[in-house]
Amino acid sequence: MAVSSCSFPPRVFNAYSSFECRSDPDFSGTPAGEKPRIGSNRRVTASLFCTGGGGLSSLIFRFPPNFVRQLSVKARRNCSNIGVAQVVAASWSNGPTSGYPSSAAAAACQAAAASVPVSDGVAVVEGCIDNDSVQIGDSYDSKTSFLSSDGSITVHAGERLGRGIVTDAITTPVVNTSAYFFKKTQELIDFKEKRHTSFEYGRYGNPTTVVAEEKISALEGAESTLIMASGMCASTVMLMALVPAGGHIVTTTDCYRKTRIFIETILPKMGISATVIDPADVDGLESALNKNKVSLFFTESPTNPFLRCVDIEKVSKLCHSKGTLVCIDGTFATPLNQKALALGADLVLHSATKFIGGHNDVLAGCISGSEKLVTEIRTLHHILGGTLNPNAAYLIIRGMKTLHLRVQQQNSTALRMAEVLEAHPRVKRVYYPGLPSHPEHEIAKRQMTGFGGVVSFEVGFFNCFLAF
């Protein structure tokens, strides 16, 4: 392949990929640099251009032989092109900066020209060695796979790690079914005696929904995720599953109104009482923990609508010392701006209707955490219902593919708007954790990588609320 010479800042790039377009890839264990060559009966040359101080180099990916075998002759050209584009996008998004190709690409760009053998439309490049090759299978190591950034996780997690659907489709299919069949009686017996896994019935799970759950788990760093029909469904089922009758919870003054209504009017019917504290009142939390046998501390961070922030690491340590679970509603933060589980929380909850879905066309809620806790919630969920429709699950999967880009822009837009509003003479007060005037600004800086896409402010006697 002939290339034009160019220069750009070096950066790390996965130049070689063992990408496969199916759910059960064949792993030979051969090092990336020793992959067998695809046969060729013709050669092709092409020019790639470098613009704007940096551009695509001469690198094209060599696919393993079984890639060619698994695809029909008619489909190879298109699938190979799409595969290259996806792997390039994933690799470039993993680096510390964006907009520039890699050091590996820069090295290749030094060559004056290279001939590329082609077999039936699948391009092959020589000398492209990857020390961090793509891992595709039922499990992966985040340190050695291309899923090393949130941007790549939102696109590929749960879908390119081996799904239980026999399909070579790049997009996850929607499985519209209310029930599942067993192939033989012994399989049903094995299922009932827990030697065989099956969805069995639509309320207990769905292949499309599982993909959405696994994608969120990968993004949150959670062992398990349960997705339900709405954010309120997730909140109410979680509270009923984890707080026993006669138990006690602690929550905060500033939170979503419907959540407060449930805590103050429905939970007391089950004998569950609550202590309500200011989000920053750590002493009030400690006092409540000392006076009551508290099962759960449940709060939003940032809160709705005044975007108060809780010191998640501090309150988690305090609660755990008393045997109390911590659940953080991170809807306003998104999993990209804040990793509540990594900060010490036991569970993180989201209304996926908002930023995770992202297109105002779906209702959903999710809870992520340890397998043990999520299983407890899942058991009650199977009884109560509130199941997410597989079509809605597909919309969540689709929406998450742009989550990284959307949240970056929303962070930027919200911060600029908050600064403009704060400087306006008719605006009484602005609530945004990215502003130094916010009471928990330092906490937000410490535990968030971005301050979110919601801004609240007061104009005279009126409170206003903007979401970007």
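Of all non-hydrogen atoms in L373 and L325, the two that sit nearest each other are CD2-CD1, 3.9 Å. Closest of all the heavy-atom pairs between I263 and F298 is CD1-CD2, 4.4 Å. Considering all non-hydrogen atoms of both residues, I312 and Q447 come closest at N-OE1, 3.2 Å.
Residues C309 and F451 have side chains not in contact (no heavy-atom distance under 4.5 Å, counting atoms from C-beta outward). Using a 4.5 Å heavy-atom cutoff, the side chains of P244 and S295 are in contact. Put simply, the side chain of T299 does not reach to within 4.5 Å of the side chain of R308, judged on heavy atoms. When side chains are defined from C-beta on, S149 does not count as touching H404, because their heavy atoms never get closer than 4.5 Å. Annotation: side chain of N206 is in contact with side chain of Y180 (closest heavy-atom distance under 4.5 Å). Using a 4.5 Å heavy-atom cutoff, the side chains of E300 and T331 are not in contact. Residues F199 and V175 have side chains not in contact (no heavy-atom distance under 4.5 Å, counting atoms from C-beta outward).
To the nearest 0.5 Å, atoms CD1 (I216) and CD1 (I367) are separated by 11.0 Å. Here the CG-CD1 distance, from L242 to I377, works out to 4.5 Å after rounding to the nearest 0.5 Å. Remark: L421 CG to Y431 OH distance equals 13.0 Å, nearest 0.5 Å.
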Kindly determine whether F457 and M417 satisfy side-chain contact (heavy atoms from CB on, under 4.5 Å), including the steps that lead there.
-> CA-CA 11 Å; F457 61 98; M417 182 59 70; over 6 Å; no
Chi angles and distances behind the side-chain contact (heavy atoms from CB on, under 4.5 Å) call for M238, L226 = CA-CA 10 Å; M238 182 274 300; L226 172 61; over 6 Å; no
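Salt bridge annotation for E200-K192: present, with a cationic side-chain nitrogen under 4.0 angstrom from a carboxylate oxygen. A salt bridge links D150 to K339: at least one charged side-chain nitrogen sits closer than 4.0 Å to a carboxylate oxygen.
Proximity of a side-chain donor or acceptor of S235 to a complementary backbone N or O of G231 within less than 3.5 Å is detected. Between the H320 side chain and the S316 main chain, a donor and an acceptor come within less than 3.5 Å of each other. For T209 (side chain) and G205 (main-chain N/O), no donor-acceptor pair under 3.5 Å exists by modelled atom type. At least one donor-acceptor pair under 3.5 Å links the side chain of D346 to the backbone N or O of V326.
With sequence neighbours excluded, the residues that form a salt bridge (charged side-chain N to carboxylate O under 4.0 Å, His left out) with R398 are D361. Residues meeting the salt bridge (charged side-chain N to carboxylate O under 4.0 Å, His left out) test with E220, sequence neighbours left out: none.
Atom NZ of K314 sits in a sparse spot, with 12 or fewer heavy atoms from other residues, nucleotides or ligands closer than 6.0 Å.
Under the 3.5 Å distance criterion, with hydrogens and angles disregarded, a donor-acceptor pair is assigned to the side chains of Q409 and T413.
Ring-plane geometry between F191 and F182 is classed as tilted, the angle between the planes lying from 30 to 60 degrees on a 0 to 90 degree scale.
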